[in-house]
J.: 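Mind having a look at this structure? Questions to follow.
Basis for what follows: all heavy atoms, side chains included, without hydrogens, waters or symmetry-related copies.
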Amino acid sequence: MKNKLVLLFLGCAVLGYAQKKNTKNTVKIKPRSEFVAELMSKMTLDEKLGQLNLPTSGDITTGQANSSDVATKIAEGKVGGLFNIKSVQKIKEVQKIAVEKSRLKIPLIFGMDVIHGYETTFPIPLGLSCTWDMGLIERSAQIAAQEASADGINWTFSPMVDVSRDPRWGRVSEGSGEDPYLGSRIATAMVNGYQQHDLSKNNSIMACVKHFALYGAPEGGRDYNTVDMSHIRMFNDYFPPYKAAVDAGVGSVMASFNEIDGIPATGNKWLMTDILRKQWGFKGFVVTDFTGIPEMIEHGMGDLQAVSALSLNAGVEMDMVGEGFLTTLKKSLDEKKVTIETIDNAVKLILEAKYDLGLFSDPYKYCDEKRAKTEIFTSGSRKEARSIAAQSLVLLKNQGQVLPLKKSGTIALIGPLGDAKENMPGTWSVATKMENAISLLAGIKEVAGPSTKVLYAKGSNLDYDETFETNATMFGKTLHRDGRSKEELLAEALKVANQSDVIVAALGESAELSGESSSRTNLEIPQAQKDLLNALLKTGKPVVLVLFDGRPLVIKAENETVPAILNVWFAGSEAGYAIADVLFGDVNPSGKLTSTFPRSVGQLPIYYAHKNTGRPLSNTEGKFEKFRSNYIDERNEPLFPFGFGLSYTSFEYSNLKISSDKMNPAGKLKVTVDVANTGNYDGKETVQLYIRDLVGSVTRPVRELKNFQKITLKKGEKQTVTFDITVEDLKFYNSDLQFVAEPGQFDVFVGGNSNADKKVSFELTK
């Protein structure tokens, strides 16, 4: 306490900003604009450039902060923030250097990739999106903020809202799928969950929407690769989730690695200034991705001085790791390649963010050791994570009602993902303590209870190729490769299988087989596991495929042979319990796909909201037709469409109605549909509404998601679901990039997935 009082006194004496003590740990300070202007008037150019610098800490060891390389720069005022450092003790130690040893005692901001939870880990974002439940998604971000802020973090590099329609790109696992409308709803929910509409709270953290922009559409699905698309596609299909995050008040934006119109996003003024700030009104600051500025050298945009100036002039305020701003902007200022006004504006935006976070009132606001001990990985948070995870699982097939399993008899759990707790949290789970994660084996044993005998065998490694497995199990996500021969592993698995009543095959990807820099050309289950699955099917026992993945996989063969398939993504720290809850019917699966599952990798990119060609296929059986838009060797349609997901019960749609067949631009239509639970279980159904604009000044998609509701129905219950349609639902960007709704005919489809066939129509009048 004595140290804090001395600190506050010194800070007030140097800056003169303290007016009146508010609590024992905070001071009341001047209004933001006045405070920041006064502080900036005291700053040297070096100190200003220091605020634009975001190095990585290397996760400084406790007690060694003062002797670390970054400590000297902090004391010299050459660091604005740090990332990759966690724990109250470490962060407090580093913050102390900033507010006691630097001249102006400006606090640091501390960031981390809190992507889908902190120590309590939720499903990977792609899995989380399959809940179609905005309340649950927002709650997951709120819990993540609660835990991260309790451990000293006040800034997260999330949400990742890149629309992606090509699952060869590994980072589909971090996003919300292929649809701009759903992606926008989720972006809003995530920002609200992190920031809670009030960054002054000590349990909210600043969000950073990424990656701006278009990162999810790289050529060939290869990470960091070139993106090239028309502006009309940008505005209609890829920009909406970023804009939704901005409209929700996101505090920061991260630039993407790819180029746009031939200029990397990190140096693209049209993107960062014309679109983000002038059109969308963004008021926060922009940070690069990791080494985003020096990487422009390899793009061919010039040397470090040139690309640093390019980035600053484009509208980027903070340089992550590259230190180009810190080391070259002074020279560029002398050479009139940048202006002091541009530098000052960047500094102002970063200081405003720190002000909004309350760091000038109390630099140690997020350094409460009591919170760190009581608010992280709590039983309450784990319970919520388990419930949310269960609702992210998608039942793809359940022939003969193999599921739910009985809590009796003998179950054989077989497969390399069956006892792999380190993989359950999935990719980008940097704060997760893997030893606390729940494996599927542990979850099944717990949920099944003492009346059920559970046998386990690994059956195979991830793949026959050891190098492949090594590359797919980085960052501590080991599968503990078994050194026995494939014959020995299979023999053990078959012995276990033959003693069982039902086989649960835990197969698919490892956690790091998807994610950043995990692009794939082959999206099938690795061959070693395919061979294992085929051998298990030959036993004649009923087989349930529990499919782990961070992207849509090609499972055409498995869908033809396996009676039941439950897609479980990577469901987080409570994955084992959540999957078992669904397998045994304690939770009825309600997840719906947010990315299309292809029949073949050759169909990619594939997505439901495609446009018609002038030569569409005329038959509905997928038969090949010469001189039509189709394949010789494959059908056009996917294996599982966007929005698809089964339940243990069944739902029947009927009585679709629209309030009028005409609507004027100021009017509103009501669409109603009856949904009945006609099965034997209580369940949840996501009722989806799609619209097709039949004639436009530019070609329009065959249908677009425009609304949805997730409802709960008891068995035998029926509910009338109502949707409103306004002119806003009909707007799109035309060839002049004007956001318009054009008069004409529209079809409305309502159902349980994007293939919904119940239709009503109306006309938008002038």
J.: Looking at K477, I'd like to know if its NZ atom is crowded, meaning that more than 12 non-hydrogen atoms belonging to other residues, nucleotides or ligands lie closer than 6.0 Å.
T.: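 Yes - once you tally the heavy atoms of other residues, nucleotides and ligands closer than 6.0 Å, there are more than 12.
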J.: Counting only heavy atoms from other residues, nucleotides and ligands, does the tally under 6.0 Å from NZ of K556 exceed 12?
T.: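 Count over threshold, so yes.
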J.: Check whether S408 reaches the backbone of T452 with its side chain - one donor and one acceptor, N or O, closer than 3.5 Å.
T.: no
J.: Hey, what do you get for CZ (R171) to OG (S514), rounding to the nearest 0.5 Å?
T.: 11.5 Å
J.: Will you find, in the side chains of E174 and H116, an N or O donor that is under 3.5 Å from an N or O acceptor?
T.: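 Short answer, no.
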J.: Checking Q196 against N192: is there a side-chain donor and acceptor pair closer than 3.5 Å?
T.: no
J.: Check E509 with R551, please: is the shortest side-chain N to carboxylate O separation under 4.0 Å?
T.: yes
J.: Who pairs with F651 by ring pair (Phe, Tyr, Trp, His ring centres under 6.0 Å), at least two apart in sequence or on another chain?
T.: none
J.: Distance under 6.0 Å and angle within 45° of the ring axis: does K86 meet both against Y118?
T.: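 Yes - K86 lies over the ring of Y118, closer than 6.0 Å to its centre and within 45° of its axis.
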J.: Could you verify whether a donor N or O on one side chain and an acceptor N or O on the other, from D682 and N588, lie under 3.5 Å apart?
T.: no
J.: Under a 3.5 Å cutoff, is there a donor and acceptor pairing between the side chains of Y607 and D179?
T.: no
J.: Would you please say whether a donor-acceptor pair under 3.5 Å links the side chains of K684 and Q391?
T.: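 K684 vs Q391: donor-acceptor pair found between side chains.
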J.: So, T470 versus T467: side-chain donor-acceptor pair below 3.5 Å or not?
T.: no
J.: Without hydrogens or angle criteria, can the side chains of T594 and S129 be said to hold a donor-acceptor pair below 3.5 Å?
T.: yes
J.: Hydrogens and angles aside, do E492 and Y456 bring a side-chain donor and acceptor to less than 3.5 Å of each other?
T.: no
J.: Does the pair D586/K407 count as a salt bridge with the N-to-O cut at 4.0 Å?
T.: yes
J.: Taking atom types as modelled, is there a side-chain donor on D674 or T720 under 3.5 Å from an acceptor on the other?
T.: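 A pair is found: one side chain offers a donor N or O, the other an acceptor, under 3.5 Å apart.
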J.: Would R599 count as a cation-pi partner of F640, with NZ or CZ less than 6.0 Å from the six-membered ring centre and within 45° of the ring normal?
T.: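 That pair does not qualify as a cation-pi contact.
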J.: Would you say the side-chain atoms of E178 and T596 include a donor-acceptor pair closer than 3.5 Å?
T.: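 Their side chains do contain a donor-acceptor pair, which is all the 3.5 Å distance test asks for.
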J.: Testing the 3.5 Å rule here: is there a donor-acceptor pair between the side chains of T649 and K715?
T.: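 Absent: no donor and acceptor within the cut-off.
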J.: Looking only at the side chains, is there a donor atom on one of D223 and S519 sitting less than 3.5 Å from an acceptor on the other?
T.: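 The answer is no; no qualifying pair exists.
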J.: Are K406 and F584 in a cation-pi contact, defined as NZ or CZ under 6.0 Å from the six-membered ring centre and within 45° of the axis?
T.: no
J.: What residues form a ring pair (Phe, Tyr, Trp, His ring centres under 6.0 Å) with F642, not counting sequence neighbours?
T.: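 Expected list: W132, Y608.
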J.: When you compare the side chains of S149 and R371, does any donor N or O come within less than 3.5 Å of an acceptor on the partner?
T.: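 Yes, R371 and S149 have a side-chain donor paired with an acceptor closer than 3.5 Å.
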J.: What do you reckon, is CZ of F475 surrounded by more than 12 foreign heavy atoms closer than 6.0 Å?
T.: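 Counting other residues, nucleotides and ligands, CZ of F475 stays at 12 neighbours or fewer.
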J.: With rounding to the nearest 0.5 angstrom, report the CD1 to SG distance, I137 to C130.
T.: 9.0 Å
J.: Side chains of Q709 and T686: any donor to acceptor distance under 3.5 Å?
T.: no
J.: By side-chain hydrogen bond (donor to acceptor under 3.5 Å, both in side chains), which residues pair with S158, not counting sequence neighbours?
T.: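 Listed in chain order: Y194.
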J.: Look only at the side chain of T121 and the backbone of G117, and say whether a donor-acceptor pair between them is shorter than 3.5 Å.
T.: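 No; judged by distance alone, with no hydrogens or angles, the pair does not exist.
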J.: Does a donor on one side chain sit under 3.5 Å from an acceptor on the other, for E488 and S485?
T.: yes
